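For reference, the structure discussed in these notes is given below.
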Amino acid sequence: MLANVINTIAYITAIMGLLIILWGVINIFIDTLRTECKSFKGHIVRKHRDMLRHSLGAYLLLGLEFFVAADIIRTVVHPTLEEIAILGAIVIIRTIIGYTLDKEMA
């Protein structure tokens with residue numbers, strides 16, 4: 001029973017990460033459309049585009065953190081050596097992605 005509760009918590013955490021990313025993508029997409037409409041009218045929008053890229057990167061990083069948390073929670077239920085190795089690989093890959101996104105935003 002405890003394993004089911006932990007799996008449910010991990011699932012909810014992963015869904016939260018997905019929702020954060022989707023929310024960011026939708027918001028940034030709408031703002032991008034507005035920005036491009038301004039661009040067509042002759043406004044200079046370079047700084048705003050950079051701000052949008054930064055905001056999208058922030059949403060992606062936050063969502064990835066939730067995915068890592070969900071993987072860690074899931075591993076608590078099945079702490080085999082194989083599961084721990086898979087988790088380690090996932091954390092390393094997501095950390096590299098997060099680092100490069102953070103560098104790109106800076």
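Every value quoted in this text rests on a predicted model; they were computed, and no experiment measured them.
- Annotation for Ala70 and Ala10: closest pair CB-O, 3.3 Å, computed over non-hydrogen atoms.
- For the atom pair Ile28 CD1 and Thr35 OG1, the distance stands at 9.0 Å (nearest 0.5 Å).
- We find the CG-CD1 distance between Leu19 and Ile26 to be 9.5 Å, quoted to the nearest 0.5 Å.
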Q: Evaluate the side chain to side chain contact (heavy atoms under 4.5 Å, CB included) criterion for residues Ile21 and Phe67: first the C-alpha distance (whole Å), next the side-chain angles of each, then the deciding distance (0.1 Å), finally the verdict.
A: CA-CA 11 Å; Ile21 291 172; Phe67 287 139; 3.7 Å; yes

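- Just one residue in the list Val25, Leu60, Leu62 forms a side chain to side chain contact (heavy atoms under 4.5 Å, CB included) with Ile20, and that residue is Leu62.
- Side-chain heavy atoms closer than 4.5 Å link hydrophobic residues (I, L, V, M, F, W, Y) into clusters, and following such links, possibly through other members, connects Leu18 to Ile97.
- Within the model, atoms CD1 of Ile90 and CD1 of Ile72 stand 10.5 Å from one another, a figure rounded to the nearest 0.5 Å.
- Taking CG from Asn27 and CG from Leu52, the interatomic distance works out to 10.5 Å, rounded to the nearest 0.5 Å.
- From Arg74, atom CZ reaches atom CG of Leu87 across 10.0 Å, with rounding to the nearest 0.5 Å.
- Checked for salt-bridge contact, Asp50 and Lys47 miss the test: no charged N lies under 4.0 Å from a carboxylate O.
- Smallest separation of non-hydrogen atoms from Val45 and Ser39: CG2-CB, 3.8 Å.
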Q: Begin from the C-alpha positions of Ile96 and Ile92 and carry the test side chain to side chain contact (heavy atoms under 4.5 Å, CB included) through to its verdict.
A: CA-CA 6 Å; Ile96 291 169; Ile92 288 171; 3.9 Å; yes

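- Within 6.0 Å of atom CG in Leu33, more than 12 heavy atoms from other residues, nucleotides or ligands are found, so the atom counts as buried in its surroundings.
- In this structure, Leu56 CG and Thr32 OG1 are separated by 8.0 Å, a value rounded to the nearest 0.5 Å.
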**Q.** Criterion side chain to side chain contact (heavy atoms under 4.5 Å, CB included) on Asp71 and Val91, from CA distance to verdict
**A.** CA-CA 9 Å; Asp71 289 336; Val91 167; 5.9 Å; no

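- Contact annotation: the side chain of Tyr59 never approaches that of Leu22 to less than 4.5 Å [non-hydrogen atoms, C-beta and beyond].
- Leu64 and Tyr11 end up in different hydrophobic clusters when Ile, Leu, Val, Met, Phe, Trp and Tyr side chains are linked at under 4.5 Å.
- A continuous path of Ile, Leu, Val, Met, Phe, Trp and Tyr side chains, each step under 4.5 Å between heavy atoms, connects Leu2 with Val76, placing both in one hydrophobic cluster.
- Partners of Glu36 under the side-chain hydrogen bond (donor to acceptor under 3.5 Å, both in side chains) rule, at least two apart in sequence or in another chain, are Arg49.
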